[in-house]
Trainee: 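Got a structure for you, questions after.
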Amino acid sequence: MPRAFLTSGGNESKMKSHSLEDFRTMTEIYDFAAIEAKWQKAWEDERAFEAREDPSRPKYYCLEMYPYPSGRIHMGHVRNYSIGDVIARQKRMAGASVLHPIGWDALGMPAENAAIKHGTHPQTWTLDNVAHMRTQLKRMGISYDWSREVNTCLPDYYRWNQWIFLRMLERGLAFRKESWVNWCSQCQTVLANEQVVGGGCWRCDTPVTQKKMEQWFLKITAYADELLSGHAALGKWPEHVLQMQKNWIGRSTGAHVRFGLDGTSKDIEVFTTRIDTIYGATFLVVSAEHPVVPDLVAGPKEKELGAWVARTVAEMRKRRDIGETEKDGVDTGKTAVNPFTGERVPVWIANYVLMDFGTGAIMGVPAHDGRDFEFARTYRIPIRTVIAPADRAGERFDAEPAEVFEQAGVLVNSGPFDGLASDKAMDEMGKFAEEKGFGRRSTIFRLRDWGISRQRYWGTPIPVIYCDGCGIVGVPDADLPVELPFDVKLTGEEGSPLERLESFVHTTCPKCHGPARRETDTMDTFVDSSWYFFRYCSPRETALPFRPEAAKHWLPVDLYIGGVEHAILHLIYSRFFTKVLRDFGLTDISEPFPHYLAQGMVTKDGSAMSKSKGNIVDPDEILARYGVDALRLFILFASPPDKEFAWAEEGLEGCYRFLVRVWALVLEDLDVFSAPAAAPGGPGDAAAQVIKKTHQTIRKVTEDIGIRFHLNTAISSIMELCNLTRKERDALRATDSGRQALRQALESIIRLLSPFAPHLAEELWERTGHQGLLMLSAWPAYDPALARDEMATVVVQINGKVRDRFEALPDLPEAELEAAALALPKIQAALGGKPPRKVISVRNKLVSIVS
RNA sequence: GGGCAGAUGGCGGAAUUGGCAGACGCGCUAGGCUUAGGACCUAGUUCCUGAUGAAGGAGUGCGGGUUCGAGUCCCGCUCUGCCUACCA
């Protein structure tokens with residue numbers, strides 16, 4: 001544990017030399033707690049964090065994912081918000097008008113669970129947590145514009161969820177449908193597909209079961225294509241996040257083809273991405289949940305088939321989304337006609353065909369699909385090759401193949417389509433099916449519409465009224481918000497608490513004024529977070545969810561920072577909402593977050609910090625011992641923002657020590673800040689070196705923050721400048737020009753450090769005689785001429801091995817470098833008098849000799 | 001099964017465009033200061049050979065390749081992490 005002072009004192013009398021140590025003994029202690037409190041108050045008094053629409057400056061919207069008010073902030077928050085704050089503070093100093101807001105994702109199940117467990121009202125629990133976490137964030141000195149704070153559990157926020165919902169309802173983007181839903185028996189609620197993780201509830205891990213219910217859905221599938229094509233504008237997103245979204249949307253191009261079911265007038269429609277293989281379709285498989293199943297089961301074997309189907313359906317419902325199950329199928333004895341060949345193929349029912357993807361029926365082409373191959377082998381179904389590798393197109397393929405061939409190739413055994421390449425055939429055969437009227441080329445998506453109904457209390461009431469006469473009626477805008485009633489009993493029993501609250505349910509129809517019932521489901525909380533970044537632009541707007549001109553000014557978000565765990569859910573929903581709001585005419589942007597920085601996990605001892613692992617480090621405790629600036633600095637220094645961050649207390653101490661060294665170094669040299677301007681005369685070696693390093697450091701830190709977002713290397717370069725300055729300090733103090741260089745170096749260290757360690761930096765800024773807040777002063781500029789190295793180190797290699805090096809003037813022509821290199825004694829010795837076979841020279845870098 | 005990312009000293013990591021591998025920090029070693037110190041200061045710290053030094057050799061998960069030159073590009077593996085998973 002560090003001590004917040006530098007020495008034990010006791011030798012103040014030893015002042016004869018000017019060594020750093022001796023000065024240190026006189027230096028005031030680094031009292032981070034007092035400094036933090038002082039500057040946090042100063043920033044608040046000056047309203048320094050407030051964003052103003054200022055047309056004279058470029059805008060910058062820096063956003064971090066808003067927190068769920070669970071009670072206390074954790075290291076993941078600290079990391080997220082520290083990264084964002086460095087960017088926001090640096091941009092502000094660099095001249096941008098910065099919007100850096102914060103709010104609370106305050107609706108959701110934990111509040112309700114806490115209510116059930118402890119008898120506290122969800123609202124009380126949530127608002128208490130918000131109050132505590134707000135204090136914690138303020139204590140971290142994050143430069144949030146608190147005047148724009150939003151809280152989604154307050155009616156002045158969630159009324160706009162309702163407003164947006166009603167507009168979607170009017171346009172058919174919100175609709176009601178009965179469907180099988182994912183049900184968590186622990187949380188007693190429906191889960192969206194995205195909230196089912198590995199077959200369990202994303203929150204409590206309880207195995208998810210299926211239940212049929214009437215639900216509200218948002219038509220995200222209407223935007224499936226655009227959500228995919230929009231990726232083109234997301235060049236600054238991590239590739240793996242785009243890939244995840246792409247997989248989630250799951251666009252497949254192929255064809256629908258109808259097979260006539262013998263003995264009935266019905267068709268079985270299949271979807272395939274490989275219509276080129278259709279001559280090899282030797283069976284059909286339908287899902288056990290398919291509507292045609294009763295027709296297939298009917299007949300002599302009805303009893304056993306029916307039993308099999310019932311068992312399989314039950315099994316599929318229970319085990320949905322859980323790993324690989326044994327493939328199981330049953331031959332119905334029925335046949336269907338392949339419209340391309342006229343051939344009759346057996347129809348099977350199986351457990352591996354999903355009802356909710358494609359048509360719920362597939363054609364089995366065992367020769368060219370691994371699963372079909374396996375299935376055909378098990379049940380002794382014929383396997384027929386219809387695609388040959390391109391280089392074997394002329395051969396005969398009459399025998400059953402020994403293994404599956406899944407690649408594209410050239411068609412064989414395919415009647416008139418023989419000899420076509422797969423891609424050509426897909427097109428031709430699709431057209432053929434369209435002409436004959438038994439199929440069509442088509443595109444389908446894996447993406448499902450977004451089920452938003454939740455049978456819970458602590459969410460946005462869905463603003464809909466059911467009237468026996470008028471049907472489903474949206475609540476009129478004038479009656480918004482539909483407020484959550486406060487006096488509710490939370491027992492944890494099945495069903496919504498609102499449903500049991502007669503005073504809430506009972507209402508009158510807005511159309512006919514007859515008695516009617518309110519919808520008692522509430523919205524998925526992902527609705528709240530799908531548009532909160534719009535609200536920040538005009539958080540007190542009362543006529544609309546946000547003022548369109550304000551949104552036009554601030555959006556899109558220039559940099560969005562947050563955990564990759566939201567790569568699918570939140571980020572896809574937000575993109576969807578943005579497009580919907582655009583189509584409402586409220587905004588003209590299509591993508592809310594052109595630049596997304598996916599922050600890495602915070603781990604300790606090899607695994608993510610979590611309560612269950614018992615490896616939590618409480619930020620409050622660290623703050624008390626080392627101060628905010630040390631914590632911020634360390635969490636940014638230890639690894640780049642997008643990589644995993646492993647907590648190690650020793651590293652934190654290193655950062656603390658660095659801050660103390662900066663503190664001491666500046667305070668011991670306060671006199672150079674009051675000295676008159678440098679006397680004329682060339683700078684000494686030390687001064688020249690320090691000046692150059694200062695300008696190089698400004699350049700590096702500016703680029704590392706603003707271009708590369710490598711905050712760790714920005715910090716290490718400030719450390720380097722500090723190290724050099726400390727080393728050269730005595731030499732610098734000896735001359736006027738040296739003192740000038742020292743002053744410049746120290747001032748730069750303070751300014752460059754200010755986004756990372758803002759409190760310490762402000763204090764030193766003030767103590768070095770500056771007026772006004774450092775955070776509102778200009779970001780330092782560097783002089784490219786001064787940052788330039790006046791000599792370049794040129795490496796000389798022989799056969800790829802470094803044999804010598806020499807200093808050369810910058811940009812010396814290659815021929816001169818070569819001559820200089822060949823003249824070096826070491827090189828001559830190594831060459832042994834023989835002329836080199838080849839020499840390659842690169843300006844400012846190296847001479848490579850092949851002997 | 002598929003996708004993505006990664007693998008560099010004792011540890012976290014750096015190397016931005018194919019050009020001095022190991023910046024910066026931690027840890028460790030020695031010395032100084034000190035009643036003492038887990039504080040602070042100075043020096044050292046990739047590995048191997050060399051008593052030390054001078055010097056030499058090896059070296060970025062493994063195997064190949066391209067190149068004057070590869071941590072970086074290409075091909076093939078291994079392992080780790082994350083995501084996804086009967087997607088027709």
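Since this is a predicted model, take the numbers as computed values, not measurements. Lettering follows sequence order; numbering is per chain, from 1.
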Trainee: Using whole Å, report how far CD1 of I249(A) lies from C1' of G2(B).
Mentor: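 Answer to the nearest Å: 17 Å.
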
Trainee: When rounded to the nearest Å, what value does the distance between P atoms of A70(B) and A51(B) take?
Mentor: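 To the nearest whole Å, 33 Å.
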
Trainee: Measure the distance from NZ on K643(A) to P on G12(B) and round it to the nearest whole Å.
Mentor: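 So the NZ-P distance, K643(A) to G12(B), works out to 13 Å.
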
Trainee: Looking at G19(B), C83(B), C20(B), which one has an atom nearest to any side-chain atom of I568(A)?
Mentor: C83(B)

Trainee: Go ahead and name the base partner of A7(B); Watson-Crick or wobble counts if both distances stay under 3.5 Å, otherwise write none.
Mentor: U78(B)

Trainee: Looking only at side-chain atoms of K801(A), point me to the closest of A58(B), C20(B), A88(B).
Mentor: A58(B)

Trainee: How many whole angstroms separate atom CD of E668(A) from atom P of C41(B)?
Mentor: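 One finds 10 Å between P of C41(B) and CD of E668(A), rounded.
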
Trainee: Write down the distance between CG (L846(A)) and C1' (A21(B)), rounded to a whole number of angstrom.
Mentor: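 One finds 15 Å between C1' of A21(B) and CG of L846(A), rounded.
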
Trainee: In whole angstrom, what separates M719(A)'s CE from G25(B)'s P?
Mentor: 6 Å

Trainee: Any idea how F709(A) and H595(A) line up, ring-wise: parallel (<30°), tilted (30 to 60°), or perpendicular (>60°)?
Mentor: perpendicular

Trainee: Rounded to whole angstroms, how far apart are CG on D276(A) and P on A88(B)?
Mentor: 14 Å

Trainee: For the side chain of R657(A), starting at C-beta, report the closest nucleotide among C68(B), A58(B), A39(B).
Mentor: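 The closest nucleotide is A39(B).
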
Trainee: Could you please name the option among A88(B), G19(B), C41(B) that lies closest to any side-chain atom of T272(A)?
Mentor: A88(B)

Trainee: Taking 4.0 angstrom as the limit, do D369(A) and R274(A) come out as a salt bridge?
Mentor: no

Trainee: Need to verify one output field. Residue with the more 5' nearest nucleotide on RNA chain B, H710(A) or Q797(A)?
Mentor: H710(A)

Trainee: Only pairs with both distances under 3.5 Å count, Watson-Crick or wobble alike; so what is the partner of A58(B) in this structure?
Mentor: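 A58(B) is paired, partner U46(B).
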
Trainee: Whether K693(A) and E728(A) form a salt bridge (side-chain N of Lys/Arg under 4.0 Å from carboxylate O of Asp/Glu) is what I want to check.
Mentor: no

Trainee: Confirm from the modelled atom types if K700(A) and U16(B) form a donor-acceptor pair under 3.5 Å, side chain to base only.
Mentor: yes

Trainee: Between P on A88(B) and CG on L354(A), what's the gap in Å once rounded to a whole number?
Mentor: 10 Å

Trainee: Which listed nucleotide (G12(B), G19(B), C83(B)) is nearest to the side chain of M244(A)?
Mentor: C83(B)

Trainee: I need the CG-C1' distance between L752(A) and C24(B), as an integer number of Å.
Mentor: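 For the pair L752(A) CG and C24(B) C1', the rounded distance is 15 Å.
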
